[in-house]
Number of protein chains: 2
Amino acid sequence: MSGTRLDPIDRKILAELQADGRMTNVELARRVGISAPPCLRRVRTLEEAGYIKGYHADVDARELGFEVQVFAMVGLQSQAEADLVTFENRCRAWPLVRECHMLNGEVDFILKCVAPDLSTFQSFLTEDLLRAENVASVKTSLVIRGAKDDPGVPFEVLEERMMRTA
Amino acid sequence: MSGTRLDPIDRKILAELQADGRMTNVELARRVGISAPPCLRRVRTLEEAGYIKGYHADVDARELGFEVQVFAMVGLQSQAEADLVTFENRCRAWPLVRECHMLNGEVDFILKCVAPDLSTFQSFLTEDLLRAENVASVKTSLVIRGAKDDPGVPFEVLEERMMRTA
DNA sequence: CGTGAAACCGTCGCCCC
DNA sequence: GGGGCGACGGTTTCACG
């Protein structure tokens, strides 16, 4: 199922829906050059095959009152698989942690956090994150301003690469 | 317009659309407890006021062939505003760079990058990023595995905070 | 993959509170 | 001001060729 290769129309569909997830199916069909029914069938197939994981409204965090965004680099004491999983599950349970990625190099995890204000984040940092077992070190960096925040993947790069390997 | 406070129904709408951006308006109206027309009016207002910046399909990067994800910490030589803006604009033009945030602390920017493979990323790193003027240092960390990647903001935290300040 | 038909939905005007 | 009711046009989603 995951081995199913995509044709150019499928990739165009994904690119269009990544750019505008609420596009109507008829508009999508028009843009990719087929009629509506097969277009919808393709979308359903892409969803079921996992290429499309979901659709989300992109909300303005600052306007909603989330004025603080922080990247936290976390080092653990033990990197045993069970301990890594324990920490990951803890991150999944913390609403302020939006992303958690395991890294190579000196630091073990990078966390992207959002909070309404600094004191809310400080509380989380000192009472939850730093107090969690197995956490050895945490370095935090406040986001002064966001310069770019594009969703998803650059399909342009894929197309380029398709040509090179074709 | 940005001073417009949101009532509980608006926040519920935003939370629902963040969770499922393709929800039909009638379903959305049912969930927030009003009828369809006023619900649609609210959605349009939220869009125009900038609370909703867009809708995007969440595509599976790995299944699509983007197997490399990297965080890059960038230090600049000059932090003069004009030089910061120049670097930010350069990031906006690089498709492999999906996010660019200016940070406090030792490092100036954090970049989240995606690439089809390591060699594509290495080419970008050595030929574009490291060669860009004003770039003093770049530390990269490969994402070994992703543990959490939730879109948007935690509305639960907002509701909690509303109660505290009410 | 395309065509046609039926059910549903987005959208508007109007009335009500 | 916002919410509900009804109707039109467009869309989704079938079955079928």
Side-chain angles (χ1 to χ4, degrees), chain A residues 1-60 63-65 152 155 158-159 162 166, chain B residues 1-60 63-64 151-152 155 158-159 162-163 165-166:
Chain A
M1 175 167 288
S2 59
T4 314
R5 288 300 294 116
L6 302 176
D7 66 14
I9 295 183
D10 287 323
R11 289 198 296 274
K12 191 90 198 297
I13 287 176
L14 291 169
E16 293 289 347
L17 286 180
Q18 178 176 274
D20 178 6
R22 285 213 98 163
M23 189 181 302
T24 66
N25 184 59
V26 296
E27 170 68 9
L28 180 61
R30 194 189 61 74
R31 293 199 186 199
V32 303
I34 59 179
S35 65
C39 184
L40 185 61
R41 282 196 291 265
R42 279 168 181 266
V43 172
R44 294 283 174 266
T45 303
L46 290 169
E47 288 170 352
E48 279 154 28
Y51 287 100
I52 298 176
K53 293 188 288 183
Y55 303 87
H56 308 283
D58 181 14
V59 305
D60 191 306
E63 273 210 71
L64 267 164
F155 282 96
L158 250 198
E159 299 302 335
M162 290 275 127
Chain B
M1 177 165 286
S2 60
T4 314
R5 288 300 293 115
L6 301 176
D7 66 15
I9 296 183
D10 287 323
R11 290 198 296 273
K12 191 92 198 298
I13 288 176
L14 291 170
E16 293 289 346
L17 286 179
Q18 178 176 275
D20 178 6
R22 282 215 105 168
M23 189 181 302
T24 65
N25 183 58
V26 296
E27 171 67 9
L28 180 60
R30 195 189 59 74
R31 293 199 186 199
V32 304
I34 59 180
S35 66
C39 184
L40 187 60
R41 283 198 291 263
R42 280 168 180 268
V43 172
R44 293 284 173 266
T45 304
L46 290 169
E47 288 170 353
E48 279 154 29
Y51 287 100
I52 298 176
K53 293 189 287 184
Y55 302 88
H56 308 283
D58 181 15
V59 306
D60 191 307
E63 274 210 72
L64 266 165
F155 282 96
L158 250 199
E159 299 302 334
M162 290 277 127
M163 315 231 150
T165 57

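Every chain is numbered from 1 and lettered A, B, ... according to where its sequence line falls, protein lines coming before strand lines.
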Over all heavy atoms of both residues, which pair between A:Val32 and A:Cys39 is shortest? Give the atoms and the distance, please.
CG2-SG, 4.4 Å
Which residues pass the salt bridge (Lys or Arg N to Asp or Glu O under 4.0 Å) test with B:Arg30, sequence neighbours left out?
B:Glu27
I need the A:Met23 CE to A:Leu17 CG distance, nearest 0.5 Å.
6.5 Å
Run through DNA chain D and report every stem of 3 or more consecutive Watson-Crick or G-U pairs, distances under 3.5 Å, ordered by first number.
C:2-9 with D:9-16, C:11-17 with D:1-7
Rounded to whole Å, please give me the gap between CZ in B:Arg30 and C1' in D:dG3.
18 Å
Nearest non-hydrogen partners of B:Tyr55 and B:Glu47, listed with the distance
OH-OE2, 2.7 Å
When the distance from CD1 of B:Ile34 to C1' of D:dG4 is rounded to whole Å, what number comes out?
11 Å
Looking only at heavy atoms, what is the nearest atom pair of B:Val59 and A:Lys53, with distance?
O-CE, 3.8 Å
Atom CG of B:Asp7 and atom P of D:dG2 are separated, to the nearest Å, by 9 Å
Any idea which heavy atoms bring A:Leu64 and B:Leu6 closest together, and the distance?
CD2-CD1, 3.7 Å
Ignoring hydrogens, what is the shortest heavy-atom contact between A:His56 and B:Asp58? Give both atom names and the distance.
CD2-CB, 3.8 Å
Whether each nucleotide of nucleotides 4-17 of chain C has a protein heavy atom under 4.0 Å at its base (B), only at its sugar-phosphate (S) or at neither (-) is summarised, 5' to 3', as B----SSSB-----
Considering only atom C1', compute the distance from D:dG9 to C:dC15 and round it to an integer number of Å.
22 Å
Minimum-distance pair of heavy atoms, taken over all atoms of B:Arg31 and B:Lys12:
O-NZ, 3.2 Å
